[in-house]
Amino acid sequence: MLLLNPGPVTLSERVRRSLLQPDLCHRESEFFALQDEIRTRLLTTYDLDPKVWTAVLMTGSGTAAVESMTAALVPAKGRLLNLENGVYGDRIAQMCSQYGIGHERVIGSWMEPLDLKAISARLAEGQFTHIAVVHHETTTGRLNDLEPLSKLCRERGLGLLVDGVSSFGAEDIDFADESLHAVAATANKCLHGVPGASFVIARRTALAQAAKRTYYLDLGRLARMQDERNTPFTPAVHAYYGLVEALREFADEGGRGARFKRYAALAEQVRAGLAALGINPVVPPEQSSVVLRSYSLPAGTPYSKLHDALKAEGFVIYAGQGDLSKTLFRISTMGAVTSADMNRLLKCFAQRV
Ligand SMILES: Cc1ncc(COP(=O)(O)O)c(C=O)c1O
């Protein structure tokens, strides 16, 4: 079965085999070597200076990393402007409410780019310390442009917090931008690891002021203990085995630039093939990520029928979220999938639709 949902991804044999390594106690030096290698390799993914940035690992899915970042990096007296054009932006607002973090929301249409005028106006009205944004809003496949948001942050001395769960490892992120405080992400999307490990790439100066709102997900404590070759709790050791192997494979395959190119080619192949069948993208390709695209459901074909027909041929596609399930479906081209696989997928579409 090939997974074309936005994670967990289809594993390479190399990563799958890495899960069968010896049982490992997380209080032994072998575990700390594994943890250190993952943290170093995560920084290398974007050529980051370890004096400026640190990679903080945790056990949990992408939501854990986003929650850990948001709860730690907005100080007690801070105020966050949360930018939303999909499910994952909405989720950050829910986290803020749950932890009592001062915040306001700019809620945009799920079908539109973020409204920069509305964001500037809101910033001018209120006293904010941070902006949070989802880089790749997986709800629709839209890639939110970070550059103008960084500019607004720089002009006002704000920190930018990024949910990079479905973009880290493939899409460009400008870590040289001084307003960028942190990016939260996960092992089992663009990095091609298994579910269970996630991480925050945090600017050390921002981390030094981390708030203590959470217990298990306390980013400051996780960072401190990992710097001391330690860990507060029992990590998902096998997910870490998978992540380190996935990161080695990532480097062997040419790093982030190569991954971007591979995804871009696969996404374009699928787009062109579906367009020939009259199935069109919902978000213009130039506003989309290379990771995932949303397409209009063919008239008269409910999602469940399309899903089941393709599953019978060995492909798992993905529904739209909420009401969008009635109008669109999603195809992600992350993971160990090839151009030949996409040709086969397109043939199945041609026969079934
Ligand atoms: C942008 C984004 N943020 C957060 C999440 C949540 O990640 P998880 O389901 O791993 O908790 C996802 C999942 O697809 C996502 O795409």
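Owing to the predicted nature of the structure, the values given are computational and were not obtained by experimental measurement. One is the number of the first residue; the rest follow in order along the sequence. Atoms within each ligand, like the ligands themselves, are counted from 1 in listed order.
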Point to revise | Distance-only side-chain donor-acceptor flag, Ser166 / His136, under 3.5 Å | key: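 Checked: Ser166/His136 side chains pair up, N/O donor to acceptor below 3.5 Å.
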
**Study point:** Closest to atom 15 (C) of ligand 1 (judged by heavy-atom distance), picking from Thr138, Thr139, Val87
**Key:** Thr138

Contacting atoms of ligand 1, where contact means under 4.0 angstrom from a heavy atom of [X]:
{"X": "Ser61", "value": "8 (P), 10 (O), 11 (O)"}
{"X": "Thr63", "value": "6 (C), 7 (O), 8 (P), 11 (O)"}
{"X": "Ser166", "value": "1 (C), 16 (O)"}
{"X": "Arg91", "value": "6 (C)"}
{"X": "His136", "value": "1 (C)"}
{"X": "Val134", "value": "1 (C)"}
{"X": "Asp163", "value": "1 (C), 2 (C), 3 (N), 4 (C)"}

Review point. Would you call Glu104-Arg79 a salt bridge at under 4.0 Å N-O?
Key: yes

Review point. Between Arg204 and Asp227, does at least one N-O distance fall below 4.0 Å, as a salt bridge requires?
Key: yes

**Study point:** Reference residue Asn85; test side-chain hydrogen bond (donor to acceptor under 3.5 Å, both in side chains); the match among Thr139, Thr140, Asn144
**Key:** Asn144

Is the shortest N/O to N/O distance between [X] and ligand 1 below 3.5 Å?
{"X": "Thr186", "answer": "no"}
{"X": "Pro6", "answer": "no"}
{"X": "Asn188", "answer": "no"}

Check your understanding: Looking only at protein heavy atoms, which one is nearest to atom 12 (C) of ligand 1, and how far off is it?
Key -> Tyr88 CE2, 3.3 Å

Practice item. Starting from atom 10 (O) of ligand 1, locate the nearest protein heavy atom and write down its residue, its atom name and how far away it is, to 0.1 Å. Key: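 So the nearest neighbour among protein heavy atoms is Gly62 N, 2.9 Å.
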
Review point. Shortest non-hydrogen contact from His192 to Leu11?
Key: O-CD2, 3.8 Å

Study note, to complete from the structure: Heavy atoms of Gln269 and Leu346 approach each other most closely as O-CD1, 3.7 Å

Review point. So how far is it from Thr138 OG1 to Asp163 CG, rounded to the nearest 0.5 Å?
Key: 7.0 Å

Point to revise | ligand 1-proximal atoms of Lys189, by part, heavy-atom distance under 4.0 Å | key: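 Side chain only.
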
Practice item. For the residue pair Tyr241 and His238, categorise the inter-ring angle as parallel (less than 30°), tilted (30 to 60°) or perpendicular (more than 60°). Key: perpendicular

Review point. Is the backbone N or O of Ile101 less than 3.5 Å from a side-chain atom of His103, with the two atoms forming a donor-acceptor pair by type?
Key: yes

